[in-house]
Chemist: 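Handing you this structure, nothing more for now.
Note on naming: letters A, B, ... go to the chains in the order of the sequence lines (proteins, then strands), and numbering restarts at 1 for each one.
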Number of protein chains: 2
Amino acid sequence: MSENLQCTDTLHSRGFRVTPQRMVILRILQEADTHLNPTEVYQRAQHAMPGLTEATVYRTLAFLTDQGMVLAAHIGSGQLVYEIAGHAHHHLICRACGYTLEIEHELLAELYRLFKVSTGYQIDSLHTTFFGLCPECQAPELNNVA
Amino acid sequence: MSENLQCTDTLHSRGFRVTPQRMVILRILQEADTHLNPTEVYQRAQHAMPGLTEATVYRTLAFLTDQGMVLAAHIGSGQLVYEIAGHAHHHLICRACGYTLEIEHELLAELYRLFKVSTGYQIDSLHTTFFGLCPECQAPELNNVA
DNA sequence: TTCGCTATTGTAACTAGTTGCAATAAAGAG
DNA sequence: CTCTTTATTGCAACTAGTTACAATAGCGAA
Ligand SMILES: [Mn+2]
Ligand SMILES: [Mn+2]
Ligand SMILES: [Zn+2]
Ligand SMILES: [Zn+2]
């Protein structure tokens, strides 16, 4: 709830308007316990606000992402998914089984410092996705052993 | 040219077919000096092979990416772009001016080792994009000084 | 409260990307 | 070279995402 007031103030202070559409979408993301794609957000938004359109969902998700209130991520398969911006983290996804692991941003802090000193770029990506193989899917062919 | 023979052999050995469509698209990427999006690949392919369809371009780019012969990347704005898989590298993109820097994969090697020891995941992302601000765009308001 | 400005929304047309299915054509066997 | 198998393509219908523009509605000022 206080998060909502926080967002309201932030929007006001930046000269943007606080609309019911934005509040509804923000609340949906706050109450979600996973990443949601735009269609899922749209479907949930229909309950709270029947008139709201898909175009607005897409626009609002992009807007809230620009404002830093929402995080977006490409998780394989080209689809963008969203979540409320809380703790800074990234994702490791297994190409074989799809299992996803969350990792603390702190693990990337040193890399970002390295970027800064070697290139001057101040990187701020807070929701990067890395692909590879999880421990199980790396396992040597267990069937060969038997 | 030898790269083409290499790809041909690899496809054969994996049980896939070597089609003119695949060869045309592969050559287009080999001759390109930048990332290309699917539409750009399609347009260039039209010259060499008028009958080729957009659906095939999308499918072929995804296929070649799966085979590790092509690298894909999300560079802001949702569009996927492709390039021939050569040296392993990643990108730093400025959110303000869009200027893009290529960085050697070696800079990420330590991070990937860290992922392995702390999570067991063997990460192999070879074309990751990081966003932030380039040195120029970080500059304190120069107008204030005057 | 009322008014005016203009950011934001809904609409609808548009572009981008995906997919089921039948036709085509690689490529190995004979 | 011819035949057979089946991976791949083209087609066309579909889903996903974007955008121009006019209508709506925040919100600051009076
Ligand atoms: Mn996340
Ligand atoms: Mn690249
Ligand atoms: Zn796995
Ligand atoms: Zn810049």
Chemist: Check every strand shown and say whether A:G15 touches a base, only sugar-phosphate, or nothing at a heavy-atom separation below 4.0 Å.
Modeler: nothing

Chemist: I'd like to know if the side chain of A:R44 reaches the main chain of A:L29, judged simply by a donor and an acceptor atom lying under 3.5 Å from each other, with no hydrogens or angles considered.
Modeler: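 Side chain of A:R44 to backbone of A:L29: no pair is present.
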
Chemist: Could you pull out the closest heavy-atom pair between B:C94 and B:C134, with the gap in Å?
Modeler: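 So the two residues come closest at SG-N, 3.4 Å.
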
Chemist: Between B:Y58 and C:dT18, does any side-chain N or O lie under 4.0 Å from OP1 or OP2?
Modeler: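 Answer is no, no contact under 4.0 Å.
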
Chemist: Regarding A:E104 and A:H89, do their side chains bring together a donor and an acceptor under 3.5 Å, going by distance alone?
Modeler: no

Chemist: Output yes when a side-chain donor or acceptor of A:T129 lies under 3.5 Å from a complementary backbone atom of A:H74, and no otherwise.
Modeler: yes

Chemist: Between the main-chain N or O of B:I28 and the side-chain N or O of B:E31, is there a donor-acceptor pair closer than 3.5 Å?
Modeler: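 Flag not set: sc B:E31 to bb B:I28 has no pair under 3.5 Å.
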
Chemist: Base contacts versus sugar-phosphate-only contacts with protein, heavy atoms under 4.0 Å: please encode nucleotides 24-30 of chain D as B, S and - from 5' to 3'.
Modeler: -BBS---

Chemist: Would you say A:Q21 reaches C:dG10's phosphate, i.e. side-chain N/O to OP1/OP2 under 4.0 Å?
Modeler: yes

Chemist: Tell me whether the OP1 or OP2 atom of C:dG17 has a side-chain N or O from A:Q79 closer than 4.0 Å.
Modeler: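 The answer is no; no side-chain N or O of A:Q79 sits under 4.0 Å from OP1 or OP2.
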
Chemist: Considering only heavy atoms and no angle criterion, is a donor-acceptor pair shorter than 3.5 Å present between the side chain of B:R59 and the base of D:dG10?
Modeler: yes

Chemist: Are B:T56 and D:dG10 close enough that a side-chain N or O sits under 4.0 Å from OP1 or OP2?
Modeler: yes

